[in-house]
Protein chains: 2
Amino acid sequence: MVETRTVRASENLGGTSPAPAVTRAAAVLDVLAASQSGRLTLSDLARELGIPKSSTSNLLLALEDADLITRQGADFALGIKLVELGAAYLSRRDEVREFYRFCEEAPTLSRETVRIAMLDGTNVIYLARYEGHPAVRLTSNIGDKMPVSLCAVGKVLIARLHDHDLAEMFPDDLELPVMTPKSLRTGAALKAQLQNIRSQGYAMEDEESTTGVVCLAVSVPTRGAHGPSLGVSVTALKATYSQEQGEQMVAELQELARTLGNPMG
Amino acid sequence: MVETRTVRASENLGGTSPAPAVTRAAAVLDVLAASQSGRLTLSDLARELGIPKSSTSNLLLALEDADLITRQGADFALGIKLVELGAAYLSRRDEVREFYRFCEEAPTLSRETVRIAMLDGTNVIYLARYEGHPAVRLTSNIGDKMPVSLCAVGKVLIARLHDHDLAEMFPDDLELPVMTPKSLRTGAALKAQLQNIRSQGYAMEDEESTTGVVCLAVSVPTRGAHGPSLGVSVTALKATYSQEQGEQMVAELQELARTLGNPMG
DNA sequence: AATGAGAGTCCAATGCACTGAACAGAAACC
DNA sequence: GGTTTCTGTTCAGTGCATTGGACTCTCATT
């Protein structure tokens, strides 16, 4: 945490930014979310954001007033209102409801750990998790972010993008985050897999984020003009994973994806 | 939705409000979260908030820029960033992690549906849910809000408050929200239960929010000076519920509460 | 076509939110 | 005790964000 980023009106190059206080307030939330302990003092935040303490004080008062942050003694932390707003977002996505319904009734998936995720830049965010049979106890929670290169859903979702976008997001020499010895290490390695994923219609992750764990994922056709990129995945233990079981799970995932893509549910 | 509330600097009576743009931006999020469809146009929002369209436009641009809202054609909706921030909040609460760990290992609770919630005004917000044996398929999700009068956790949490606070929050003649024939209907009825809850150390909900379902809840001792009011609850089917089973579950809930209240986990 | 009601955008004038510097309190150091 | 280095708060001046009204565009209705 050495770098100090300045959030000024001039930040958005190419145009003057409206409501700079809002932009800065959002930056406060980001900094709190990214901070190790989740608790920072006014001065910490002012330093981190590169804005005067007096201005920061005003921002924090307004944010606290709106319950978006809480004051804990001298420290500030994210507020419970954010959980509530996040839940409000999810409650509007009826894919989530349909996802649960489908998982409960699917012959194989109903006994597995299934997740639905959406693409957000070069990460995926998990929207819901179904745990039919918690053989695999996941550490990831709803709302958690994961680099696309490290999970099957991530790979299957970026496989939908155009090559020139991919080239921009993942230059050949880009160093990817590494979590296990099997993690993909460069943009080139990642892009090399995509053609294969496109032709077979699903993606696989083989111990790339967690040793001993494999994932299969399928992309959900975008419903409507403004929908996000969604994908569904199953997580299984490598030790008990078999080819036939994998094929069955992919088939059910594909049916789930079709169901979610269809506006009637 | 007839009433139009005006969000001006003078809103916070008793003092001028700093960073009014932030206060208004938070109001935008609230309105979107509260709206039926979750999608409103710029003009809708301007009307609802009682601020000029041009100002609203600026707010929305800034919010969109921060990913806190998304534009879907002419409509605006809550953004995925809120889910992410909500998850960041939860990830910092280590009570949640400990809650899961405890539930998995507890003899009885590990096979039940258990939740942890926190008090937020006259509502509780669910922070996590453990589903050991999904006999009871809950419709509530993490981040969902519930009036305290309708659930066991709510009742056990307000039982900790002082009488004068209770008198203010729940006047005798206050009409409470009703979801089943057994729901408590007035502030007086709610307060009448509290003395009993205090003396027995746990609260029960008997088909007050969902017919056929009972809940037991215990309050978690507040850890540290600035901690929120937390409670844990089990949900069971009334049909299969027995006295002995209830006693066992209360005992385990109390142990869970002690564990969570203890700073070492 | 013509009209009206809705949407969102634009821009100059202006009033208020931001800020810098000075201030005060707490804690840590020598 | 004195000094330094934190913390957060206060306030008057000023520069920029806000805003009202005019504008454009789209879509129904007559």
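Letters go in sequence order (proteins before strands), and every chain restarts at 1.
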> When you measure from the side chain of B:Pro20, which nucleotide among D:dG8, C:dA17, D:dT18 comes out closest?
Replying inline: C:dA17

> Closest to the B:Arg47 side chain: C:dG20, C:dA7, D:dT19?
Replying inline: C:dA7

> What integer distance in Å separates A:Glu64:CD from D:dG8:P?
Replying inline: 12 Å

> What is the distance, rounded to the nearest whole Å, between atom CD1 of A:Ile51 and atom P of C:dG20?
Replying inline: 11 Å

>> What is the distance, to the nearest angstrom, from the CD atom on B:Glu48 to the C1' atom on C:dA7?
In response: 18 Å

>> Rounded to whole Å, please give me the gap between CG in B:Leu59 and P in C:dT9.
In response: 13 Å

> When you match A:Ala19 and A:Ser57 each to their closest nucleotide on DNA chain D, which lands nearer the 5' end?
Replying inline: A:Ser57

> Within this structure, what is the CZ-to-P distance between B:Arg24 and D:dA17, rounded to whole angstrom?
Replying inline: 14 Å

> B:Thr41 has a side chain; which of C:dT9, C:dC18, C:dG8 sits nearest to it?
Replying inline: C:dG8

> Separation of A:Leu40 atom CG from D:dG8 atom C1', in whole Å?
Replying inline: 15 Å

> If you check the A:Ser43 side chain, which of C:dA7, D:dT9, D:dG8 turns out closest?
Replying inline: D:dG8

> Which one, D:dT9, D:dT18, C:dA7, comes nearest to the side chain of A:Leu42?
Replying inline: D:dT9

> So, A:Lys81 and B:Asp120, do they make that salt bridge, N to O below 4.0 Å?
Replying inline: no

> Does the side chain of A:Lys155 come within less than 4.5 Å of A:Leu190's, by heavy atoms?
Replying inline: yes

>> Quick check: on DNA chain D, is the nucleotide nearest B:Thr56 upstream (toward 5') of the one nearest A:Asp44, or the reverse? Name the residue that is more 5'.
In response: A:Asp44

>> Need one value for B:Ser54: base, sugar-phosphate or nothing, where a base atom within 4.0 Å counts as base even if backbone is also close, heavy atoms only.
In response: base

>> Using whole Å, what does the distance between atom P of nucleotide C:dC10 and atom CG of B:Asn58 come to?
In response: 11 Å

> Are B:Ile80 and A:Tyr89 close enough that some pair of their side-chain heavy atoms sits under 4.5 Å apart?
Replying inline: yes

>> Can you tell whether the side chains of A:Lys191 and A:Asp163 come within less than 4.0 Å, N to carboxylate O?
In response: no

> What's the CG-C1' distance between A:Leu60 and D:dG8, to the nearest Å?
Replying inline: 11 Å

> If you check every side-chain atom of B:Lys53, which of D:dT7, C:dA7, D:dT18 has the closest atom?
Replying inline: C:dA7

> Is the NZ or CZ atom of B:Arg115 positioned over B:Tyr126's six-membered ring, under 6.0 angstrom from the centre and within 45° of the axis?
Replying inline: yes

